[in-house]
Amino acid sequence: ATPLLSNRPSVVIGPACQGARRVSGMDFSDFERLGDAVKRLHLKTHDQAGLFAACPEITPSEHLEQALRRGAPLASAIGTEKARSELIVAPFLPELKALAPETSFFSGIDFTVDVASGLNGVCDFLISRAPEQFMLSAPVVALVEAKRDDIHEGLGQCVAEMVAAQLYNQREGQSVAAVYGAVTTGSIWTFLRLTEMTLTIDLEEYMLARPGRILGVLLAMATGSAPV
């Protein structure tokens with residue numbers, strides 16, 4: 001298990017960062033474009049429509065529905081990424097924890113894995129398949145990034161965080177078959193999967209108007225029932 005504010009040295013583990021460009025002063029937010037992240041991290045890409053279509057839709061609680069009814073218009077009016085994170089994305093996570101108590105989630109924590117490759121920085125939201133809530137424990141299985149306007153602006157950053165999670169899990173001896181990611185504007189969600197060095201992006205967009213579908217995908221990612 002790793003404390004939330006970790007001072008442990010970073011290491012490079014596994015093939016994903018072999019030959020990665022060594023630059024100082026970079027972090028996750030510097031992976032601005034998907035193409036740059038894929039090239040720098042030596043990934044293969046694949047697009048697939050309906051990648052998570054088989055994930056069962058989950059009926060959201062009245063509490064979640066009410067939080068989204070109140071929060072979504074406010075997030076839209078405020079117009080910042082922070083507002084979208086707090087008012088739209090965050091309400092899903094206690095719901096996820098209630099459905100899957102063996103998981104944990106973290107918001108706005110430092111996730112330093114390999115400073116030399118730029119795999120460090122703060123993640124919007126991080127989901128672990130471990131129940132400890134006071135400290136981050138492997139395996140990290142999903143990462144969510146909230147962006148103000150454009151899904152594409154967050155894809156590179158999310159991919160970098162997914163690779164960092166993959167390396168972190170390897171370092172902790174808790175490798176999993178796949179690490180997942182999500183990028184959202186609040187109203188639109190795009191989901192991703194990383195297996196070894198292959199990144200698959202779901203071409204289907206998930207809309208906030210059907211929160212049960214989003215909750216179903218997040219639950220499948222967290223519990224290990226999502227496609228691998």
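Ion pairing of Arg33 with Asp36 is present here, as a side-chain N (NZ or NE/NH1/NH2) and a carboxylate O approach within less than 4.0 Å.
Between Ala177 and Thr195, the closest heavy-atom pair is O-CG2, 3.6 Å. Nearest heavy-atom pair across Asn120 and Val115 is OD1-CA, 3.5 Å. Nearest approach of Asn169 to Pro139, heavy atoms of both residues: OD1-CA, 3.2 Å. Across all non-hydrogen atoms, the minimal contact from Asp202 to Ala49 is OD1-C, 3.9 Å. Minimum heavy-atom separation, Ala53 to Glu204: CB-OE1, 4.4 Å. Residues Ser137 and Ala130 approach most closely at CB-CB, 3.9 Å, considering heavy atoms.
At distances below 3.5 Å, not a single donor-acceptor pair connects side-chain atoms of Lys44 with backbone N or O atoms of Met197. Within the 3.5 Å criterion, the main-chain N or O of Glu196 finds a donor-acceptor partner in the side chain of Gln166.
Residues Lys147 and Val183 are in side-chain contact: their nearest non-hydrogen atoms beyond the backbone lie under 4.5 Å apart. Between Gln157 and Glu32, every side-chain heavy-atom pair lies at or beyond the 4.5 Å cut-off. Leu218 is not listed as a side-chain neighbour of Tyr180, based on a closest heavy-atom distance of 4.5 Å or more. In this structure the side chain of Ile127 reaches within 4.5 angstrom of the side chain of Leu93, judged on heavy atoms. Leu43 has its side chain out of reach of Thr198: every pair of non-hydrogen atoms, C-beta onward, lies at least 4.5 Å apart. Here the side chains of Leu51 and Thr200 are in contact, with some heavy-atom distance below 4.5 Å. In this structure, Phe28 and Phe111 have side chains that are in contact, with non-hydrogen atoms separated by less than 4.5 Å. Side-chain atoms of Val217 and Tyr206, non-hydrogen and from C-beta on, do get closer than 4.5 Å to each other.
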Contacts under 3.5 angstrom, residues 219-228 side chains, donor-acceptor by atom type, not counting sequence neighbours:
residue, atom, partner, partner atom, Å
Thr223, OG1, Leu219, O, 2.8
Thr223, OG1, Ser225, OG, 3.4

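Here the CE atom belonging to Met162 is positioned 11.0 Å from the CG atom belonging to Leu41, to the nearest 0.5 angstrom.
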Hey, mind stepping through Arg210 and Glu57 against salt bridge (Lys or Arg N to Asp or Glu O under 4.0 Å) and telling me if it holds?
-> CA-CA 9 Å; Arg210 293 183 62 183; Glu57 187 167 348; 2.8 Å; yes
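Aromatic pair Trp189/Phe92: centroids less than 6.0 angstrom apart.
A donor-acceptor pair shorter than 3.5 Å cannot be found between the side chains of Glu205 and Thr190.
Under the ring pair (Phe, Tyr, Trp, His ring centres under 6.0 Å) criterion, Phe105 pairs with no residue at all, not counting sequence neighbours.
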